[in-house]
Amino acid sequence: MLTNDLKLVVPVRDDVYAYHVPISSEVFEANYRILAATKAQLASKGVYYQMYTGPRIAAMALRDEGKRDAEARGDFDEAGKPKDAATPLINELKRLTTVLGPTASGWEPLPVDTAIHNGVIDADEWQEALSAIVFFTCHYALAKKAQRSEMASAVSSVLGASITSSSITEYASSLRKSTQADPSPKAA
């Protein structure tokens, strides 16, 4: 069983973060083929390619592998094209991600689509964060249970991200305040 006590926090840009809860065991079991194929595709060109290029292209690689998997299984739509096996997983990754953006009253957690609609992040920033989340998921979900914590730390380091066991509320509370309070007067 995958444990989601470790969460990934991806910096989207200054003072905006994507807080992601790992996928469940059920989601992993439904998508293990395309996750493993994506990880293998990224690793096939060597460790430097995987570590430096992989985080940027992982979401695109997942979509490619989803189509290849559907084609290999003979899963075609009415037009004869391979079905898109990656979109349900991408939608789940989006559902499990919350954007934290600063406001005058503190950090506001928003669903991804709301954050895009409100201009907290743009669609390109989401795609970059999604790719980092896919990269993390391919490594974390495929690791043995005993190695997940170590894998999470290693992958987050490559992503320039962090791992936390805090809830989103606890994590948001730990971030610096978006507005500085007036300094208290010094005692005479």
Side-chain angles (χ1 to χ4, degrees), residues 1-32 35 38-39 51 54-56 58-59 62 88-185:
M1 170 140 183
L2 290 178
T3 166
N4 55 9
D5 58 338
L6 298 178
K7 288 87 171 179
L8 176 69
V9 181
V10 178
V12 178
R13 62 179 150 78
D14 290 342
D15 291 339
V16 178
Y17 302 91
Y19 176 97
H20 175 73
V21 177
I23 61 174
S24 67
S25 294
E26 295 79 18
V27 172
F28 171 72
E29 288 173 14
N31 294 282
Y32 73 90
L35 287 168
T38 301
K39 182 179 178 187
M51 294 300 144
R56 178 72 176 101
L62 179 72
L89 176 57
I90 289 170
N91 289 341
E92 179 66 0
L93 294 174
K94 182 188 275 189
R95 187 186 73 76
L96 293 169
T97 303
T98 303
V99 175
L100 283 169
T103 66
S105 59
W107 292 87
E108 182 176 14
L110 298 168
V112 172
D113 289 332
T114 303
I116 293 170
H117 178 75
N118 292 353
V120 176
I121 62 172
D122 63 32
D124 290 337
E125 289 169 327
W126 165 242
Q127 287 305 311
E128 288 178 3
L130 173 63
S131 203
I133 291 165
V134 168
F135 186 82
F136 171 82
T137 301
C138 287
H139 290 81
Y140 181 80
L142 288 162
K144 291 180 181 179
K145 182 179 181 179
Q147 298 170 329
R148 284 196 196 113
S149 180
E150 182 180 316
M151 181 62 72
S153 294
V155 173
S156 69
S157 174
V158 169
L159 297 172
S162 61
I163 298 297
T164 184
S165 59
S166 300
S167 70
I168 192 162
T169 304
E170 294 165 339
Y171 186 79
S173 294
S174 75
L175 294 171
R176 71 173 180 77
K177 302 295 181 211
S178 60
T179 57
Q180 297 296 325
D182 290 334
S184 54

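In this structure a side-chain-to-backbone donor-acceptor pair under 3.5 Å is present from Ser131 to Arg56. A donor-acceptor pair is defined here as one N or O able to donate and one able to accept, closer than 3.5 Å; such a pair exists between the side chain of Ser156 and the backbone of Ser153. Between the side chain of Glu125 and the backbone N or O of Asp122, at least one donor-acceptor pair lies under 3.5 Å. The backbone N or O of Val120 lies less than 3.5 Å from no partner atom in the side chain of Asn118, so there is not a single donor-acceptor pair.
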One pair to check against side-chain contact (heavy atoms from CB on, under 4.5 Å): Val99 and Val12. What are the steps and the verdict?
CA-CA 9 Å; Val99 175; Val12 178; 5.6 Å; no
Should Leu159 and Phe135 be marked as a side-chain contact (heavy atoms from CB on, under 4.5 Å) after you check the CA-CA gap, both sets of side-chain angles, and the distance that decides it?
CA-CA 9 Å; Leu159 297 172; Phe135 186 82; 3.9 Å; yes
Intermediate values then yes/no, side-chain contact (heavy atoms from CB on, under 4.5 Å), Ile23 and Leu35:
CA-CA 12 Å; Ile23 61 174; Leu35 287 168; 4.0 Å; yes
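The number of heavy atoms from other shown groups lying within 6.0 Å of CD (Gln147) is above 12.
Aromatic ring orientation, Tyr171 versus Tyr19: tilted (interplanar angle from 30° to 60°). Between Phe28 and Tyr32, the ring-plane angle classifies as tilted under the 30° and 60° cut-offs. Between His20 and Phe136, the ring planes lie perpendicular to each other; the angle is over 60°, past the 30° to 60° tilted range.
Residues that satisfy the side-chain hydrogen bond (donor to acceptor under 3.5 Å, both in side chains) test with Glu92, not counting sequence neighbours, are Arg95. Remark: Ser162 pairs with no residue by the side-chain hydrogen bond (donor to acceptor under 3.5 Å, both in side chains) rule, at least two apart or across chains. Scored by the side-chain hydrogen bond (donor to acceptor under 3.5 Å, both in side chains) test, Thr98 finds no partners at all (sequence neighbours excluded).
Asn31 CG to Leu62 CG: the interatomic distance, rounded to the nearest 0.5 Å, is 8.0 Å.
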